[in-house]
Amino acid sequence: MKRKVSFITFGCKMNQAESQAMAEKLSPHFDIVFEEKMGKSDIYVLNTCAVTSEAERKVRQTIRRLKKSNENSKIIATGCYSVSDPEELKKVGADLVLGNLEKKQIDRLLCEEGIYSDKYFWFHNEKYDILVPNEPYGDRTRIFLPIEEGCINSCTFCKIRFLRGLKIVSLPTEEVIKSIEKFIEKGYKEIVLTGTNLGYYGMDNSETLEELLNQIGKSFADKEIRIRITSLYPEIITDNLSTILNSYPIFEKHIHLSIQHFSDKILQSMHRKYNRKMIYTAIENLRKYDSKFSITCDLIVGFPGEDEEDLRILFDSIEELKVLKVHSFRYSLREGTVAAKMQNQIPGNEKKDRLSQMDKIADLSRKNYLNDMLGSRVKVLTESSSKKGLFGYDEYYIPHNVQFHEKKIEKGEFFSTVISSLSKENKGVVSNVL
């Protein structure tokens, strides 16, 4: 009987793709399960996140719980936290700690114990591969395709660039196209392009993200698929990029923007490469060809020095732009970053209150956007199908619930629908199959 390995993934879509790729390396010799936190697996692989102190706390909590309930199981920690503080993970109970480079050799290192984490792997290695999965994470309908790794920005609050590497590594356009072809042959309808900072795609091999997207559009324009992009920075949303995304029907009419704030003062303090006007211009570019083009974004409250005027600008911008969804965060002090040493740090209880205020504004923004979509005809990709109804996302990344339908529609199939009403708590919409 094969031993069971459970993968538990924290953080970004890049981590989900890499967990799947690691699982595929082990699958010939082990039974693989995903997200099993309370079961009895022989080995647990935790693909960790270090973007906030809360993310790290959840990792430590999970390791302690697993160690207590599964004392004979082996616990392997990998990912960004494993680069940031491998000793801490070993201290709380991890038997083996693998960094972001070493996770790529998990099949070779599985039987080891101790710490295998080169903090400066990106400096010591001239070239290293991107982990690309062959199947979706945990048998989901969409498959994540990592195409870039590394970031050379100098944002004052972020340490992920050190953990993922200050060197850009890209999957060549030819390999991206081959991967998409392979996924289509297997029947997958939604492919999500992901990376540490997609704006730097191709810097290492004289290619660009715009050229890649245009090539993808031309190569698969006649296919019934959907291409989604996980996250972009506002300064790279040119009119040309917007034209490409709106010209080919395979591209989702949605972009997740890594914005973080709307106040010029705070953006400058964060050392971002854009200002509020550039954010508005980016969104105007995207909505020039389709006024319904949806925007989701990351936003931080409680950054050092943030005052009432900064908050007013932040909240007004969310509402004015009718953002579909805000991934909201309280500023988290990251040791070793410039922002950690800044004056005027915001107290924890005040950050909590500001987050609550922003979430209320974000809910209103979402409601206003969804209200504008009422009556729109869209195409939904089914994520689940049962007697109770259908669930899936349309090309604007709006979640749909369909309770009654006569047509037999299976998981992974597209269907056309008209948005009829908002679902409870404005989390999505209710629609009817056409």
Side-chain angles (χ1 to χ4, degrees), residues 1-119 121 131 133-144 146 160 163-164 332 335 384:
M1 180 181 295
K2 289 183 178 180
R3 291 190 296 165
K4 185 162 67 172
V5 178
S6 177
F7 279 83
I8 301 172
T9 305
F10 300 83
C12 64
K13 300 296 187 293
M14 188 84 165
N15 264 8
Q16 290 187 24
E18 290 178 335
S19 288
Q20 176 63 36
M22 285 190 287
E24 290 167 5
K25 286 178 175 286
L26 301 182
S27 60
H29 307 291
F30 297 90
D31 284 331
I32 305 296
V33 295
F34 292 90
E35 307 301 336
E36 181 196 40
K37 298 180 182 180
M38 304 305 292
K40 295 293 181 181
S41 290
D42 300 287
I43 300 172
Y44 289 90
V45 180
L46 279 67
N47 200 0
T48 68
C49 176
V51 70
T52 64
S53 57
E54 175 63 14
E56 293 176 341
R57 185 193 68 80
K58 289 180 178 179
V59 171
R60 295 192 301 270
Q61 182 185 58
T62 302
I63 291 176
R64 291 190 182 103
R65 184 174 67 247
L66 290 173
K67 205 67 178 177
K68 184 177 181 179
S69 59
N70 304 272
E71 58 181 21
N72 295 322
S73 298
K74 183 172 186 176
I75 296 178
I76 301 173
T78 186
C80 286
Y81 196 177
S82 297
V83 180
S84 173
D85 197 345
E87 291 81 8
E88 178 66 20
L89 291 173
K90 188 75 170 64
K91 181 180 176 181
V92 298
D95 301 293
L96 174 63
V97 181
L98 302 177
N100 274 328
L101 175 67
E102 292 76 15
K103 70 165 62 168
K104 302 173 192 292
Q105 292 95 41
I106 190 171
D107 49 339
R108 182 175 62 83
L109 296 170
L110 188 69
C111 296
E112 303 293 337
E113 292 195 358
I115 296 174
Y116 293 78
S117 180
D118 182 356
K119 188 173 184 177
F121 69 94
L131 276 177
N134 294 306
E135 307 289 342
Y137 177 77
D139 195 35
R140 299 183 182 179
T141 56
R142 63 179 67 95
I143 188 164
F144 297 110
I160 297 301
L163 311 180
R164 280 287 182 177
S332 180
E335 186 178 349
S384 64

Set of residues satisfying side-chain contact (heavy atoms from CB on, under 4.5 Å) with respect to [X], sequence neighbours excluded:
X: Glu335; result: none
X: Pro136; result: Ile143, Tyr188
X: Arg108; result: Gln105

Side chain to side chain donor-acceptor pair (under 3.5 Å) against [X], all qualifying residues, sequence neighbours excluded:
X: Ser6; result: none
X: Glu113; result: none
X: Lys4; result: Glu36
X: Ser53; result: Ser332

message: Run the side chain to side chain contact (heavy atoms under 4.5 Å, CB included) test on Phe7 and Met22 for me, step by step, so that the C-alpha distance in whole Å, both residues' side-chain angles and the decisive distance to 0.1 Å come before the verdict.
response: CA-CA 9 Å; Phe7 279 83; Met22 285 190 287; 3.7 Å; yes

task: List the steps, then state whether side chain to side chain contact (heavy atoms under 4.5 Å, CB included) holds for Asp118 with Glu102.
output: CA-CA 8 Å; Asp118 182 356; Glu102 292 76 15; 3.4 Å; yes

message: Give me the atom names and distance for the closest heavy-atom approach of Gly99 to Ser117.
response: CA-OG, 3.6 Å

query: So which heavy atom on Asn100 is nearest to which on Val83, and how close?
result: N-CG2, 3.5 Å

Working to the nearest 0.5 Å, report the span between [atom1] of [X] and [atom2] of [Y].
X: Ile160; Y: Thr52; atom1: CD1; atom2: OG1; result: 9.0 Å
X: Leu46; Y: Leu66; atom1: CG; atom2: CG; result: 6.0 Å
X: Leu163; Y: Phe121; atom1: CG; atom2: CZ; result: 8.5 Å
X: Cys80; Y: Glu56; atom1: SG; atom2: CD; result: 10.0 Å
X: Leu101; Y: Ser82; atom1: CG; atom2: OG; result: 12.5 Å
X: Ile43; Y: Leu110; atom1: CD1; atom2: CG; result: 4.5 Å

message: Apply side chain to side chain contact (heavy atoms under 4.5 Å, CB included) to residues Arg3 and Phe30 and explain how you reach the verdict.
response: CA-CA 5 Å; Arg3 291 190 296 165; Phe30 297 90; 3.6 Å; yes

field: ring pair (Phe, Tyr, Trp, His ring centres under 6.0 Å) partners of Phe10, counting only residues at least two apart
entry: none

field: Residue pairs involving residues 73-117 (criterion ring pair (Phe, Tyr, Trp, His ring centres under 6.0 Å); sequence neighbours excluded)
entry: none

- prompt: Is there any ring pair (Phe, Tyr, Trp, His ring centres under 6.0 Å) pair reaching into residues 33-64, and which pairs are they, with sequence neighbours excluded?
  reply: Phe34-Tyr137

task: Among residues two or more places apart or on two chains, list those pairs meeting side-chain hydrogen bond (donor to acceptor under 3.5 Å, both in side chains) that have a residue in residues 88-99.
output: Lys67-Asp95

- prompt: Counting N and O atoms only, with roles assigned by atom type, does the side chain of Thr78 sit under 3.5 Å from a partner on the main chain of Leu98, one being a donor and the other an acceptor?
  reply: yes

field: Backbone of Asn15 reached by a side-chain donor or acceptor of Thr9 within 3.5 Å
entry: no

- request: Begin from the C-alpha positions of Asp42 and Lys74 and carry the test side chain to side chain contact (heavy atoms under 4.5 Å, CB included) through to its verdict.
  value: CA-CA 6 Å; Asp42 300 287; Lys74 183 172 186 176; over 6 Å; no

field: Pair listing, salt bridge (Lys or Arg N to Asp or Glu O under 4.0 Å) test, anchored in residues 10-25, at least two apart
entry: Glu18-Lys103, Glu18-Arg164

